Amino acid sequence: MAEAVRPRALFLAGLAAVYVAAFGSLYVQIPGLYGREGILPARRVLRLSGKGLWEQLRDSPTLLWLSPRLGLDTEQGMELLCLVGILASLGALLCESMRDCLVFALLRVLYLSLYQVGQVFLYFQWDSLLLETGFLAVLVAPLRLLRGGSPSWRPHDPVTFWGVRWLLFRLMFASGVVKLSSRCPTWWGLTALTYHYETQCIPTPGAWLAHQLPVWFQKLSVVATYVIEVAVPVLFFAPLRRLRLFAFYCQVLLQVLIILTGNYNFFNALTIVLAFSLLDEEHVGRWLGRPKKRQGSAWPPSLGSVLATLLELNTYGLLLYWTVQYFGLEINWDKKLLDSKVAFTYHEFTTWLRTVTLPLVGVAFLSLSWEILLAMYRCACVRGCFWKLWATLQWAIMATATVSLFAVSLVPFTYIEHESNGKLWPGIHRLFGAVERFQVVNSYGLFRRMTGVGGRPEVVLEGSYDGHSWTEIEFMYKPGNVSAAPAVVAPHQPRLDWQLWFAALGHHHGSPWFSALVLRLLQGQRDVIRLVQVDESRYPFSARPPTFLRAQLYKYWFTGPSEGSPGPAPWWRRQHVQEFFPTVSLGDPTLESLLSQHGLKDKPPVRRRSDAALPRLLGWVRGLARPFSGPALLWTLYLVAATVGGLRALGPRARGGPPPARHKARGERGERNGVRGEGRGRAGGEGHGEGRPGPKKKK
């Protein structure tokens, strides 16, 4: 990986931006989801049991145990953690000096604390992915705040940064494999995308357009998805940088297309942030218009250059050949299209998966070992006995931590092939069990099965004052009104809308929180209503809560380009299926029985009025944020960050002064922390200022 200061800076800045979305999106939903009279009050999770603080932290590692000591209830404690997380992540996004391992450790602890009480609304794969990425960021980020350090590239940094690449590999490879191991007929028939765009949780207007594409193109898109998720990730560990760059752009292309056609909050942005680990210093320098100087290409080219080019071309050729061979690509000249089909059986696939799983682990281990050996060599090149020992000590600690993480991650990674999982050393399984609750490593596998093949199931809530005349309750984001355009809400995640999508796939008994939602709407709880509509004028029962409430199950389909009707053109067509939730009212025996059955029938404790400064400050901030929806709040924060960053960049130019000079810690030869430099080159990194490395000769 050599020196990669700029890719590391991109990774840390991008992760800070993702944290802004994660904390900000959750903050606006806390009162309705977890408040005293919310759907699933957080106080249900953290009940005082007479245990000491350390025992409580051992059972449930969350800072919210400290809320009573600050004069706060659990809901206010969650708001405080979110606000601290927003400020810390904004600081890391704006200030390079704030991209410190201590800051990222704080962000990770804050989000883990929220995750522990988030219950079903916070148990998504991207929440686990953010926690695992956040843990890696603690190892990757430099330590500057305590000792005034620099963002220099340390000898051991390639080892820890490799962990980010390994996480990206596990995420993408598993996501591709589970589509086939699930035996879902749509994935095996290459027709999954003919259903996906209209059946995903919250589609975008771009999803409607993509849904209109011809079937042969949809099937070809599934083939491309398999190639990008299963075959291309192996190139993450390729020794040739151009192969890694090819893999990077493949991943970015896939994620951008998903962003255009679906609202998956911060997940796709986080995946792109992980992909920054595939970049190198030279390539990012070209993006920034500051490429590193390279020696002119010699002619004739060296033998190594010729062999590298041949290896690269052979790799592309094999990818193309295997794609054509295993997916039966064939040009249909009569219909002028490209036919495709899966040309292997499920048994052949499982045999292949059993054959390659452990060898892929071996390839990854060889790649990690190479990085560790190179880092040890760099430590040996450090000048001065003290600095050599200090670099070696850091190398030993970080290499041990990375190898341990790699070993533990093999347990969730091999879930894709149970026979390989059973071959792992039992000690690794025990170690994984010890750290599992801290979300250090996790298993992944998105879109395992395609739902809604016969139509998109959708729950529609209806309210009434007399039990005869019913009015539909329209949500801000999820489909409801057939004439309403699909929403664009990313990077915000409306967690109630997401859970309603899952609830529609089964019976309401499988979603116990739905009874609590019905209760809060019957009570007219404003914080819960704001999850449905921020603008209360669009909520049909804003003046008075409904007397009766029920839910109907519909199936939705995107309309075609030729389907029209008088008035606004509909985006959807729908058909009633059945009743999803019976008609209930406050005090109804059916509702009371459901609430008691799921342990949701409890009265909130009386909130004592507090004159303490912290609760009053939290209430004041909540009042300021209340008029804003989730997307509006997030894009306001990003706009503020972009404005501040733009003003800082234009500041020196507006004053007409020279750009800030790079700081050098040890003379003009670029020596830092005892690392030798030849001429103007630096082996240890760069100075302060804009975080740009000095010219460096390649060894």
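All values reported here derive from a predicted model rather than from experimental measurement.
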- request: Let me know which of Trp126, Phe124, Tyr444 forms a ring pair (Phe, Tyr, Trp, His ring centres under 6.0 Å) with Phe267.
  value: Trp126
message: So if I apply the ring pair (Phe, Tyr, Trp, His ring centres under 6.0 Å) rule between Tyr123 and each of Trp513, Phe502, Tyr115, which one comes out positive?
response: Tyr115
Heavy-atom side-chain proximity of [X] to [Y] below 4.5 angstrom:
| X | Y | answer |
| --- | --- | --- |
| Ser277 | Phe11 | no |
| Leu594 | His508 | yes |
| Trp65 | Ser60 | yes |
| Val28 | Ser629 | no |
| Gln29 | Phe121 | no |
| Thr62 | Val45 | no |
| Pro31 | Glu75 | yes |
| Val20 | Phe266 | no |

Would you indicate whether [X], at its atom [atom1], is surrounded by more than 12 heavy atoms from other residues, nucleotides or ligands within a distance under 6.0 Å?
| X | atom1 | answer |
| --- | --- | --- |
| Arg44 | CZ | yes |
| Phe447 | CZ | yes |
| Phe217 | CZ | no |

Please round to the nearest 0.5 Å and tell me the distance separating atom [atom1] of [X] and atom [atom2] of [Y].
| X | Y | atom1 | atom2 | result |
| --- | --- | --- | --- | --- |
| Leu257 | Ile228 | CG | CD1 | 8.0 Å |
| Asn265 | Asp127 | CG | CG | 7.5 Å |
| Leu122 | Ser128 | CG | OG | 9.0 Å |
| Leu549 | Asp588 | CG | CG | 11.5 Å |
| Arg574 | Trp557 | CZ | CH2 | 11.5 Å |

How close do [X] and [Y] get, counting heavy atoms only, and between which atoms?
| X | Y | answer |
| --- | --- | --- |
| Pro412 | Val441 | CG-CG2, 4.2 Å |
| Leu505 | Pro457 | CD2-CG, 3.7 Å |
| Ala137 | Leu15 | CB-CD2, 3.3 Å |
| Leu12 | Phe104 | O-CZ, 3.5 Å |

- prompt: Are Glu458 and Lys478 close enough for a salt bridge, meaning some N to O gap below 4.0 Å?
  reply: yes
NZ/NE/NH1/NH2 to OD/OE distance under 4.0 Å, Asp527 and Arg622: no
Determine whether a donor-acceptor pair (N or O, by modelled atom type, separation under 3.5 Å) exists between the side chain of [X] and the backbone of [Y].
| X | Y | value |
| --- | --- | --- |
| Tyr111 | Ala22 | no |
| Trp208 | Thr559 | yes |
| Ser464 | Ser469 | yes |
| Lys179 | Gly445 | no |
| Arg456 | Glu198 | yes |
| Arg99 | Leu93 | yes |
| Ser182 | Arg449 | no |
| Glu472 | Gly480 | no |
| Tyr556 | Val482 | no |
| Gln76 | Asp73 | yes |

task: Take Arg526 and Glu536 through the test side-chain contact (heavy atoms from CB on, under 4.5 Å) and record every step on the way to the result.
output: CA-CA 9 Å; Arg526 294 295 178 183; Glu536 293 188 4; 2.9 Å; yes
message: In terms of relative ring orientation, are Phe173 and Phe169 parallel, tilted or perpendicular, with 30° and 60° separating the classes?
response: parallel
- request: For Thr271 and Met172, run side-chain contact (heavy atoms from CB on, under 4.5 Å): C-alpha distance rounded to whole Å, both residues' side-chain angles, the deciding distance at 0.1 Å, then the answer.
  value: CA-CA 9 Å; Thr271 305; Met172 301 309 302; 4.0 Å; yes
query: With sequence neighbours left out, what residues match Arg520 under salt bridge (Lys or Arg N to Asp or Glu O under 4.0 Å)?
result: none
- request: Go through the steps for Phe514 and Phe580 under the test ring pair (Phe, Tyr, Trp, His ring centres under 6.0 Å), then give the verdict.
  value: CA-CA 11 Å; Phe514 191 85; Phe580 180 79; 5.3 Å; yes
message: Checking Tyr264 against Gln200 for the side chain to side chain donor-acceptor pair (under 3.5 Å) test, could you report, in this order, the C-alpha distance in whole Å, the side-chain angles of both residues, the deciding distance, and whether it holds?
response: CA-CA 10 Å; Tyr264 291 95; Gln200 60 184 317; 2.9 Å; yes
- request: Determine, step by step, whether His211 and Phe558 satisfy the ring pair (Phe, Tyr, Trp, His ring centres under 6.0 Å) criterion, reporting the C-alpha distance in whole Å, the side-chain angles of both residues, the deciding distance to 0.1 Å, and the verdict.
  value: CA-CA 8 Å; His211 185 72; Phe558 271 141; 5.6 Å; yes
message: Go through it in stages, so that I can follow the logic: the residues are Gln251 and Ile272, the test is side-chain contact (heavy atoms from CB on, under 4.5 Å), and I'd like the CA-CA distance, side-chain angles, deciding distance and then a yes or no.
response: CA-CA 7 Å; Gln251 304 306 316; Ile272 294 175; over 6 Å; no
- request: Could you walk me through whether Leu167 and Arg170 pass the side-chain contact (heavy atoms from CB on, under 4.5 Å) test, one step at a time?
  value: CA-CA 5 Å; Leu167 171 57; Arg170 287 165 41 218; 3.8 Å; yes
